[in-house]
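For the single chain, residues carry numbers from 1 onward in sequence order.
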Amino acid sequence: MVDADGSSKRDRPEDAAGLPAIAEEHEHGAAEGEVLGELEGPPPPGPSDEGDDGEGDLVGPAAPPPAKKRKVLPHEATYLAGLPSAPMYERSFMHRDVLTCVAVAATNDFLLTGSADGHLKFWKKRPGGVEFVKHFRAHKGPVDGMAVSGDCSLLVTISRDQSVKVFDVAGFDMVLMLKLKFVPAAAEWIYRRGSALAALAISDANSPDVHIFDARSGATEPVAVVTRHRSPVTVLRYNEPFNTVISVDTKGVIEYWDASSHTFPEEGPTFSSKMDTDLYALAKAKTAAVSLDVTRDGSQFAMFCADKRVRVFRFATGKLRRSYDESIEAAQDLQRNGGEATKLDAIDFGRRLAVEKEMAADPEAPKPNAIFDESGKFIIYPCLLGIKMVNLVTNRVARLIGKVENTERFTRIALYQGTGGKSRSRMTKEKAAERDPLLLTAAYNKHRLYLFTNREPEDSEEAATGRDVFNEKPTADEIVPAGDEEGGASGATLPRGAIIHTTRGDIVIRLFPEECPKTVENFTTHAKNGYYDGIIFHRIIKGFMLQTGDPLGDGTGGQSIWGGEFGDEISRDLRHDRPHTVSMANAGPGTNGSQFFITTVPTPWLDGKHTVFGRVVRGADVVVAIEKVKTDKNDKPLEEIKMMGITPKASVEG
């Protein structure tokens, strides 16, 4: 029999009595034919019974589905305590040329750096800092690659001059030198701890071959040649837990091969065909990897790619886990639509964008790399904004450091999180911080090694003891030219402080005559001569600065004590990195006169553009009070606030 709805009784399940069974409940409303009165408890939601015309039904869009529960990383604060947290680098040390490579041998507490002139330096991690140990002229060409063995006993460096140097890390001495018959592209140690064979893999920049050498035997000929690719291999990384080498060629093809048999590994991968993986993702995107890193447990590997994307893969499945776009287009979109934490001042962003394009067009520029922390929970990499630390579990940026360093575009990075042999059991937030984590990094076109720690840089008044250490003879571009045609006073004879008397109170500032003698001489001489007496603060921008020093009161006047304008005295140790910085106003390079300003917040985008010559040590409350006054559309205060005068002092305490 067919019912009115067109279905047969044989098509519907029946209960033991032969009666039609109660139909399953639909997603919205009760099942058809269900007798609601026989059910206990409140009936399920259904159509209104106010009438058949449906006038009682609710009209409007359905409620949104429940929000997806956000993933949380347990003990995230403990993991983050083991990573550098200071927004600024604490200290930097010079190399003789641009840094190209950085590495860490954690077991021995050594830091290794190589530069474009072929020089290699050994540094020792000490409590609260680093100490220089030894310097080698390793290559005639640039240090193009560097790798530390898994047991931290050996270091290899390669160069386009076709030379390979192997060093004993603990003894900081060279133990092997190879002269290759090909140009090396990448090098990696591919042996397990305790192995008798210290296998070293070196790829050929002009062929798919990877040559395997035994560094302990002293032999200059390879023990094997591996050809798993059809194009030259650009990056290699050893996955020690699975004794597997991961390699990527210029076409973006990713291969796994056993470090001993040089065939596809039997342990680790769970896939039978690469078609079931994402190992062709780079080839499909027509890009290649410029760096490669593997987590300590071997479960993941990450690449910084030529298309400015960071890709994170799962080793066992070969599946792509995360992808982060750090291209110029993505940066521009973030600047337009991102939050305050990622936005930059328009001038600062424009300058960084220009550097980014310059670096992209420079074939000699060191390529950025992405690295894991020791837990494998975070991926760390440099970008236009600074250095990002991304939580891979929550897929969020957990920390951004180096954003205020607007004159450095960081490139290569390496992470020290304490001696590798120490126990990881029962790690607490306090214990993680006590390990004194350190991130060492190179920067584009910079001859310096930068160190990020948990400590802010010291507030040093002397250039010799500032955070940028001149441990080498300064190069021509690091020496700030300072002609003496406008004045001849030495820093030792100039005042080291001054009191600015305003209608709102006194502001006491410390001056820096050693770093900027001309600027301090100009300022204090004007002060002694009464030049600043009665001059108003003509421009005040809340959350930025207070500007004064113009006798015309409109920002267009003022001249130096020598008449006209004088040059900048930019010091690397005096930056706009904190509020209450006293700096010269100008209309461009070398246009200083008499106008100056006092910042009310850190303004790092002004570094390199304005001469910092003082800091407020007392009277910050006066600065804050002046900052709060009402202004017109041109930022001029509605109420006149004047400097009654400025009194130079031989010294100030603060």
Please walk me through it: do D258 and T263 pass side-chain hydrogen bond (donor to acceptor under 3.5 Å, both in side chains)? CA-CA 5 Å; D258 187 274; T263 59; 5.9 Å; no

Stepwise side-chain contact (heavy atoms from CB on, under 4.5 Å) test for W257 and T244: CA-CA 6 Å; W257 43 282; T244 298; over 6 Å; no

Applying side-chain contact (heavy atoms from CB on, under 4.5 Å) to D573 and D468, what does each step give before you reach the verdict? CA-CA 7 Å; D573 296 284; D468 295 317; 4.2 Å; yes

Given side-chain contact (heavy atoms from CB on, under 4.5 Å), test R322 with N395 step by step and report yes or no. CA-CA 8 Å; R322 302 283 190 218; N395 201 28; 3.4 Å; yes

Please step through ring-ring contact (aromatic ring centres under 6.0 Å, His included) for the pair F172 and F136, ending with a clear verdict. CA-CA 10 Å; F172 40 88; F136 289 91; 8.4 Å; no

The test is side-chain hydrogen bond (donor to acceptor under 3.5 Å, both in side chains); show your working for Y444 and D362 and say whether it passes. CA-CA 10 Å; Y444 178 58; D362 185 357; 3.1 Å; yes

Under the criterion side-chain contact (heavy atoms from CB on, under 4.5 Å), I'd like the reasoning laid out for R228 against V210: C-alpha separation, chi angles, the key distance, then a yes or no. CA-CA 8 Å; R228 300 283 302 177; V210 178; over 6 Å; no

Decide salt bridge (charged side-chain N to carboxylate O under 4.0 Å, His left out) for E76 and R399; before the verdict, give the C-alpha distance in whole Å, the side-chain angles of both, and the deciding distance to 0.1 Å. CA-CA 12 Å; E76 181 182 29; R399 185 173 288 165; over 6 Å; no

Does the pair K446 and E405 meet the rule for a salt bridge (charged side-chain N to carboxylate O under 4.0 Å, His left out), with working shown? CA-CA 13 Å; K446 298 291 185 180; E405 308 290 358; over 6 Å; no

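Shown here is K181, whose NZ atom has no more than 12 heavy atoms of other residues, nucleotides or ligands within 6.0 Å. Atom NZ of K125 has more than 12 heavy atoms from other residues, nucleotides or ligands within 6.0 Å. Around NE2 of H75, the count of heavy atoms belonging to other residues, nucleotides or ligands within 6.0 Å does not exceed 12. For NZ of K140, the number of neighbouring non-hydrogen atoms (other residues, nucleotides, ligands) closer than 6.0 Å is 12 at most.
Shown here for I202 and V164, the closest heavy-atom pair between the two residues is CD1-CG2, 3.7 Å. Here the closest heavy-atom approach between residue R296 and residue P241 is recorded as O-CG, 3.4 Å. For the pair V397 and K388, the tightest heavy-atom approach, listed with the atom from each and the gap, is CG2-CD, 4.2 Å. Smallest separation of non-hydrogen atoms from A187 and I158: CB-CG2, 3.8 Å. S291 and A370 make their closest contact through OG-N, 3.3 Å (heavy atoms, listed as atom of the first residue, atom of the second, distance). Shown here for Q300 and G376, the closest heavy-atom pair between the two residues is NE2-O, 3.3 Å.
Of the possible polar contacts, one joining the N471 side chain to the M94 backbone as a donor-acceptor pair under 3.5 Å is found. Remark: side-chain polar atoms of R352 are not paired, donor with acceptor, to backbone N or O of R409 under 3.5 angstrom. The closest donor-acceptor contact from the side chain of T100 to the backbone of P366 lies at 3.5 Å or more, if one exists at all. Put simply, the side chain of K274 never gets that close to the backbone of G318: no donor and acceptor are under 3.5 Å apart. Between the side chain of T441 and the backbone N or O of R412 there is at least one donor-acceptor pair closer than 3.5 Å. Judged purely by atom type and a 3.5 angstrom limit, D214 uses its side chain to pair as donor or acceptor with the backbone of A198. In this structure, the side chain of S149 engages the main chain of S153 through a donor-acceptor pair within 3.5 Å. Here the side chain of R137 pairs no donor or acceptor atom with the backbone of G118 at under 3.5 angstrom. Within the 3.5 Å criterion, the main-chain N or O of D307 finds a donor-acceptor partner in the side chain of T287. Judged purely by atom type and a 3.5 angstrom limit, W189 uses its side chain to pair as donor or acceptor with the backbone of A147.
With ring centers used as reference points, Y191 lies 6.0 Å or more from Y238. Note: F242 and Y256 fail the aromatic proximity criterion, with ring centroids not under 6.0 Å apart.
A distance of 10.0 Å separates CZ in R467 from CD in E90, rounded to the nearest 0.5 Å. With values rounded to the nearest 0.5 angstrom, N454 atom CG is found 11.0 Å from L439 atom CG. With rounding to the nearest 0.5 Å, the separation of CZ in F167 from CE in M146 is 8.5 Å. How far CE of M359 is from CD1 of I328: 8.5 Å, rounded to the nearest 0.5 Å. The line from CG of D278 to OG of S323 is 10.5 Å long, rounded to the nearest 0.5 Å. With values rounded to the nearest 0.5 angstrom, L154 atom CG is found 9.0 Å from L200 atom CG.
A heavy-atom distance below 4.5 Å is not found between the side chains of V310 and V390. Under the 4.5 Å side-chain criterion, counting only non-hydrogen atoms from C-beta, Y450 is not in contact with L99. A 4.5 Å side-chain heavy-atom check between L83 and P437 finds every atom pair outside the cut-off. Two residues are said to be in side-chain contact when any heavy atoms from C-beta on lie closer than 4.5 Å; V245 and E188 fail this criterion. Counting heavy atoms from C-beta outward, V166 and F213 have side chains that stay 4.5 Å or more apart. For the pair I401/P87, no side-chain contact is recorded, criterion being any heavy-atom separation below 4.5 Å from C-beta on. At a threshold of 4.5 Å between non-hydrogen side-chain atoms, the residues I246 and I254 count as touching. In this structure, the side chains of N369 and D293 stay at 4.5 Å or more apart for every pair of heavy atoms.
Between F182 and H211, the ring planes lie parallel to each other; the angle is under 30°, not in the 30° to 60° tilted range. The aromatic rings of F93 and W123 lie tilted to each other, with the angle between the two planes from 30° to 60°.
Taking the ring axis of Y89 as reference, the NZ or CZ atom of R448 does not stay both within 45° of it and closer than 6.0 Å to the ring centre. Cation-pi geometry between K367 and F304 is not met at under 6.0 angstrom from the ring centre and within 45 degrees of the axis. For the pair K124 and F110, the cation sits on the ring face: its NZ or CZ lies under 6.0 Å from the ring centre, inside 45° of the axis.
For E240 and R193, the salt-bridge test passes: some basic side-chain N is under 4.0 Å from an acidic carboxylate O. Under the 4.0 Å criterion applied to side-chain N and carboxylate O atoms, R572 and E408 are not assigned as salt-bridge partners.
Y416 and D436 are not linked by any side-chain donor-acceptor pair at a separation below 3.5 angstrom, with hydrogens and angles left out of the test.
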